[in-house]
Amino acid sequence: MTGPLSSILGFGLFGVFCLAFTEKILPIPPSHVLLLFLGMTAAPDAMTLATLLLVTTLASSTGCLVWYTIGRRIGSDRADRLVDRFGRYVCLRPSTYHKLGQAYRRNYLRVSLLAQFIPTVRNYLPIAAGALCLPALPFAAATIIGAMLWNTGFLVTGYMLHGSGQDSLTVGFRIIVIVVALEAAFMLALRYGPAWRRRIKLALGSGRSA
């Protein structure tokens, strides 16, 4: 994987932009892997690191706006059908998509921001934002802030690993495992949380009645 990435990075900042933009369209490699790699290999100093953050944030936000525009053009019904039909091929459960789509209606600014921290959802939930015709400027602002926070964490971590004297690949792998575990826990909570809350309420209610 590092061979193709290194070749693309040979194009400089344009290559970095293409990598970050492509990851937003099709998450291969996952963003945390890509950003850690960039921080470890393409940021020899703090100024370059800041430039990488700016470029990757711009690229990620542009990718989100592409999906937003597509969602706006195809509408809510067609977007739902596309996710129902093809979502499983990109690890996007239709039930998760629909739940977050409903959350968008209640608080689109908060969901637009938080969506940047959820695997796969961060790539494709902008389709729902566009399909629901949410205001473009607030969506773009929340997306930029979320993307910047997400990118900063992994770029800075990769930069700190570079030249630290530790085995960067081993430490980076451990970080990725922790992030994936946290993301999986979040997805499980999103999927089963309402059912657990109902059971807890029923248990508390039956306990009180007894």
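- Side-chain atoms of Thr57 do not come within 3.5 Å of backbone N or O of Leu54 as any donor-acceptor pair.
- In this structure, the side-chain contact (heavy atoms from CB on, under 4.5 Å) partners of Thr51, at least two apart in sequence or on a different chain, are Leu13, Val55.
- Looking at Leu35 and Trp150, their side chains come closer than 4.5 Å, going by heavy atoms from C-beta outward.
- Annotation: the span from Arg73 atom CZ to Arg78 atom CZ amounts to 9.5 Å, rounded to 0.5 Å.
- Looking at heavy atoms from C-beta onward, Leu65 lies in side-chain contact with Phe139 at the 4.5 angstrom threshold.
- In this structure, the side-chain contact (heavy atoms from CB on, under 4.5 Å) partners of Leu132, at least two apart in sequence or on a different chain, are Ser76, Tyr104, Arg105, Leu134.
- In this structure, Leu19 CG and Leu34 CG are separated by 5.5 Å, a value rounded to the nearest 0.5 Å.
- One finds the OG1 atom of Thr56 at 5.0 Å from the CG atom of Leu155 (value rounded to the nearest 0.5 Å).
- Residues Leu36 and Val16 share a hydrophobic cluster, clusters being chains of Ile/Leu/Val/Met/Phe/Trp/Tyr side chains in contact below 4.5 Å.
- For the pair Ile127/Ile70, no side-chain contact is recorded, criterion being any heavy-atom separation below 4.5 Å from C-beta on.
- Interatomic distance, Thr22 OG1 to Ile25 CD1, rounded to the nearest 0.5 Å: 7.5 Å.
- Ala43 and Leu52 make their closest contact through CB-CD1, 3.7 Å (heavy atoms, listed as atom of the first residue, atom of the second, distance).
- By the 4.5 Å heavy-atom criterion applied to side chains, Met160 and Val156 are counted as neighbours.
- In this structure, the side chains of Thr143 and Tyr68 stay at 4.5 Å or more apart for every pair of heavy atoms.
- Considering CG of Asn151 and CD1 of Ile144, their distance stands at 11.5 Å, rounded to 0.5 Å.
- The side-chain heavy atoms of Thr62 and Phe17, taken from C-beta on, include a pair separated by under 4.5 Å.
- Remark: Leu58 CG to Leu53 CG distance equals 11.0 Å, nearest 0.5 Å.
- Smallest separation of non-hydrogen atoms from Pro126 and Cys64: CB-O, 3.4 Å.
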